Each structure stands twice: as C-alpha cells, then as structure tokens.
Amino acid sequence: MAGLEALQESKAESTEIGHADLLMAIPVPLGSEALAPTIAKLLRACKLLSTPCRIVLALPGENSQATPAELPQASPEPASERPLRYVNYPLPAALPGTIPWLPNAATYREIARLATKLDARACTVLGTDSGFTRDSLTPDKLTLLVDPGIEGSFDLVLPLYTTQAFDDLVNKSILYPLTRTLYGHRVQNPLGTEFQMSSKLFPVLSAYALRDSSQQQGRLPWLATIAANRNLKICQVQLGARRPSSSDGIELSDALAQLTGPLFLDMEDNAAFWQRIRGSHDAPIFGAASASAETTDTVDVRPMVEAFHLGERNLREIWSLILPPVTLLELKKLSRLSPDEFQMPDTLWARIVYDFALAHRLRNINRTHLFGALTPLYLGWVASYAVEINRSGIAAAQQRIEQLARAYESEKPYLLSRWRWPDRFHP
Amino acid sequence: MWEQVHQALLESLHRAVFKVATLLPGVLALIVALLVSIFIGWLLAALLRSILHALRFDARVEKSGLVNISDWSSAKTPTFLATRILFWMTVIAGLFVGIAAFDASLSSGLSAYVVAYISRIVAAVVVVVIGIVVARFLSRSVLINGVNMNLEHARLLSLGAKWLVLVFTAAMVLDHLGIARGIVDLGFGILFGGIVLALALAVGLGSRDLVSRSLERDRHKMPPEEEVVRHF
C-alpha cells in the first residue's frame, strides 16, 4: 500500500517536472552527511557538461532528508530554468542478508520507469557505494560518465576503476572473465554500480521479470549482458580509484551467491546467444587511467590454502555431484601442495566455474549449497593468485587477470560441450 | 471308534476346504482389483503426463518460481512427481476395493481394520520420505557451512545432524504405527537425553582446552588476511 502511494506521488512529481534530457538516480538511501556534498558535486558537474541539458535527480523516496522541497538549489532562477531538479521514487526495502550496496531489479525498474515517464534520453545511476560517490567521483569524472550517453554515441557506459591487486577479487576471478568470454565484450566491471544507459535500455529494465523466487525483489539485472544481447554499443570510462565496498557481516558464500547467481541465471536465459560468440573485443575506453597507490603488502596464503584443504577433505562427495572425475583428481593433487607451491592452473579454475554454472542450471544440488561448495575452491584460486603476485610483484596483477581471461576463452569449447550434452560422460 | 475319528477328520477337512473355497473368490478379487488398478493408474499417469507436457507444465512451474522441487526431492520434474502421485493413489484405491471384496467374502471386520492401518502406513511412509529429505538437506547444510567456518570436524557434525533427524523420524514412525509405543518413547527419551548430556560433558570437561584453543586460533588467524584481501 505504502509502495503504491509512493509510486502515485512519484507520478505526480514527474508530471509536474515534465521532460528531462537526463535522469540521474541514486539507488540507495544516502545519509544527510553524504547527500549534501553529493548534490553540490552534481551541480558543479552539470555546469561542465559539453551539451547543456535539463537534468532531473531522482532520490529514493524513503530518504527523509531528500524531500525535493528541502534540497539545496544552485541558483535563484525559476524552477524550470534550474540546472538540477529533484524527484523522489519508491525504493523497495532491502532484504536482510543482502549486500547493502547491491541494488535489485525492483530499484532499477523504478528508475527506468521514471526515466521513461520523463522522456529522458539517458539515465545515469550513481554510487550505490556511497563512499565512492562522496570521495572519488569528482565533477570532471562525472562529466566523463554522462557525456557519451547524452551525445547519443553509446547505449551503456560502464565504469573502469583503478583497483589494487587484492581488491575486487570475485569480479576479477569470475564476473569479468566469464562475462567477457560469454558475450565477447571486454568490460572490466560488468557489475558497475555507477553507469549510464540510453533510452534503449529503459523498456528492458521496466519490464524486467521478477523470476528468481528466492529474491522477492527480483534478481540483479546484468546490464552488460542485456546490452550485448541487443547489440547495443558499450564503452567504459576511467573513474579512478574506488574505495573497497563494505563487506561487514556478509558471508563470502552469500556474496558469491548474490554476485555470481544472477550471471549464472543470465547464462540460462541467453544460452542461444552466447553459444554463437567466439573470442572477444575491447570496449572503447574514455578518460585517463590514474595511477593507484599500491600497497606493498604480501598476503599470507596459509589460511586460504587451509580452507581449500578442509574443503577437499570434506566436500569431495558434494563436488563429485558437480565436477567431472578429472577435475576432482586435479584438486586432489593440489591438496598435496604446500602453501608456498600452491598453484591452481587457470584452465582448471575456468572449468570449475563452467561446471558450477552448469550445475546451477541443472540444479544438481540446492543452489545455496552450490555456492557454499564453490567457496573453498574460490579461496583456493585466491591463494594461488596471491602466491603468484607475492612472487612476481604487484605490477603483474593486471597481466595475471588478462591471462586468466584468456584461459576462460580457451576453455569455452569445454563449456559449450558440457552445456549442450550435460549427460555425456566427461572423464 | 475308528469310524468316529474318521468322521471327525472328514468333517474337519470339509470345513477347511469350505473355508478356503469361501476365501478364494475374495483373494482372486483382491488380485484382480490390484492388477486393474495398476493398469488404470498407468493409463491415467500416461494421460496426465501427455496433458502436462502439452501444457508445458514444467516450464511454467520453473518460471513461476513458486516451488523448487528439485531442491528438495529426487524427482526430476514436477510432471514426474504429479504422475507418480496419481499412479500410486490409483493403486491404493484399487487395494482398498480389493480388501473390501476380500472382507465381504470373509464376513469379518478385517476391512475396517486394514483400511485404518493402511492410512497409518501411508502417513508413516510420508514421514519417512520427508525425514530422509530433511536429513539429507540438513546434513549438507551443516557440512558446507562447517567447512566455510573452518571447522575441522564439520563432517562429524554433519553426520550427527543427519542421524539425529533420522532417529527422530524413526521414533515418530514407530510411534505413529503403534509398534512398541512405550519402549520407543522411553528409548528415544533416554537416547536423546543421553546424547545431549554426553555433548555437554564432552564440551564442558573433556574438550574444554580444545574448544578454547580453537577459539583462540580463530581469533588470531582471521584478521590479517581480511585486511589485505578484499573479495568484493
């Protein structure tokens, strides 16, 4: 009931505001201390845009600090001539146990519906990670994110962050290489929480089906795959360093399920499309990469190797429901290595991810159990990566991820074979 | 005297043959009813299967996301589950018909007793199936979560959870069937209480040092890697 009322309010407000060229949306409630500097930054960025345009800022309706009447205005001009106008939209409540900065389908759907109502040319979604919005997203970087969509040259603008060697490892080990292999676009943050989309994506997100029953608000839309499926133009912009997202109180297996699960579901939906894709190509990059202040710490891999060994000893029976015998044999060999020599081959890791994606589709075991069983293997990969980076130096990290992505691509025939003939014997 | 013995034996034989002859039509009726019900069940299941396939029932259930049947049972598809249920319901109905025919030929109260007991057996079978599924699910959950929490004895815990549920299920089933009810109640009480007491004693006395060492090790082990490695 409350949601309906909020939606009606949102409709009324958008009718008053009328048309907009660009909708900027913040998909999570911001505290009052984060809201004011963010808006000040947006106002500065509006003045730097190469093409002047009418911009509306959408703030989640639950944010009590963000009622349009109380927000700061940039200038004493009449409301219709102000560079930035405000509108609220209903924000569905987050489910307990979900990653706080990860928006859901329902939020994106509300934003897309609002953008459609405003007849916007593009929509920029900003900073689900409030730390990033507050600290790192400078007006010139924001302009970089907004311009390609406003000019109409690209349909999806994804962020490119400067990360440290041991940051964002789920993305580096699974999300980036798997998306690149499946859909052929080398986008390094397929799950960018800052992005811009053109009006071509609004109807897709507005009608996004809430098909994953385990999440009432729907699964996370994987924008990179949606755009790739429709042959839309994708580019990346350099947004600089990103403060690591908060991981307090989130279990690694839950995070793996929430981040990797939607991609596995997408694989099922788009199987006919990605099976035709061979190789990959670079997505255009705009902006200059900023140098990151790398820490020189080496990682103690022993706890991760121990977690892998513990998994190998106890979860063999469950892994055998998912992985073929040859992979189990390789894992057994790995379990005999000492932490200093621990090395999981990239091709083995790629095959493991493919086999888990297939098991997710076939429902060999409960899906929550599936991601729980993946966790020790993932820690094994992280340990292997850390051993190599400790040995060869942090500078090799980027190259190492590129090498992993190429291994995913080289193993794609294995995925195709397993996907098409899952019952065929694989030694 | 021999004539009287001969006469008594003949009468006894006559009565026995008469009894068997009275029972035979009932037994035959039971067998025929069972065979016919199996045939009808098979026919109905085939019909239902083709209707559900035509309606793309599996895809609809999967898409609606209402139930994740494969997560809980060994049945591969919702159609398979529905046809099996229909088949066995028809067979059980046939069995009832057969027993009623058998009972009529026997002119005793067997039918009512058997029907009442069969309903208990069906409920007991359902309890066993649910118990096995829950035990398997819980056992896997405990094992996986235990491993991810770095518990060295995760497998032991998982086995414990599995057998606890199975023993609990067995006690429920025996109690429901009315078999040695007193012994089951007493035995289960002693067993369950014994397990809890043994665990309490083991942790409180025997494994006190082990538990404190394990907690100490976890406290010292976890923080450094979390500071340097960030997964998302």
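The model shown is predicted, which means the values in this text are computed figures rather than measured ones. Letters A, B, ... are given to chains in the order of the sequence lines, protein chains preceding strands, and every chain is numbered from 1.
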Please state whether the side chain, the backbone, both or neither of [X] comes within less than 4.5 Å of a heavy atom of chain B.
X: A:Val301; value: neither
X: A:Arg302; value: neither
X: A:Ile318; value: side chain
X: A:Leu259; value: side chain

B:Asn148 side chain to B:Asn145 side chain, donor-acceptor N/O pair below 3.5 angstrom: no
For B:Thr79 and B:His53, test the side chains for any donor-to-acceptor distance below 3.5 angstrom and give the result as yes or no. no
So which of A:Leu175, A:Leu191, A:Val170, A:Leu310 has the biggest tally of heavy-atom pairs under 4.5 Å with chain B? A:Leu310
My understanding is that only residues two or more places apart in sequence, or in another chain, count here; which of them pass ring pair (Phe, Tyr, Trp, His ring centres under 6.0 Å) with A:His309? none
Using residues 35-51 of chain B as the side-chain source, report each donor-acceptor pair under 3.5 Å to any protein atom, sequence neighbours left out, with the distance given to one decimal.
residue, atom, partner, partner atom, Å
B:Ser37, OG, B:Ala33, O, 3.2
B:Ser37, OG, B:Leu34, O, 2.7
B:Ser50, OG, B:Ala46, O, 3.3
B:Ser50, OG, B:Leu47, O, 2.8

In the structure I gave you, are the side-chain heavy atoms of B:Val125 and B:Val173 within less than 4.5 Å of one another anywhere? no
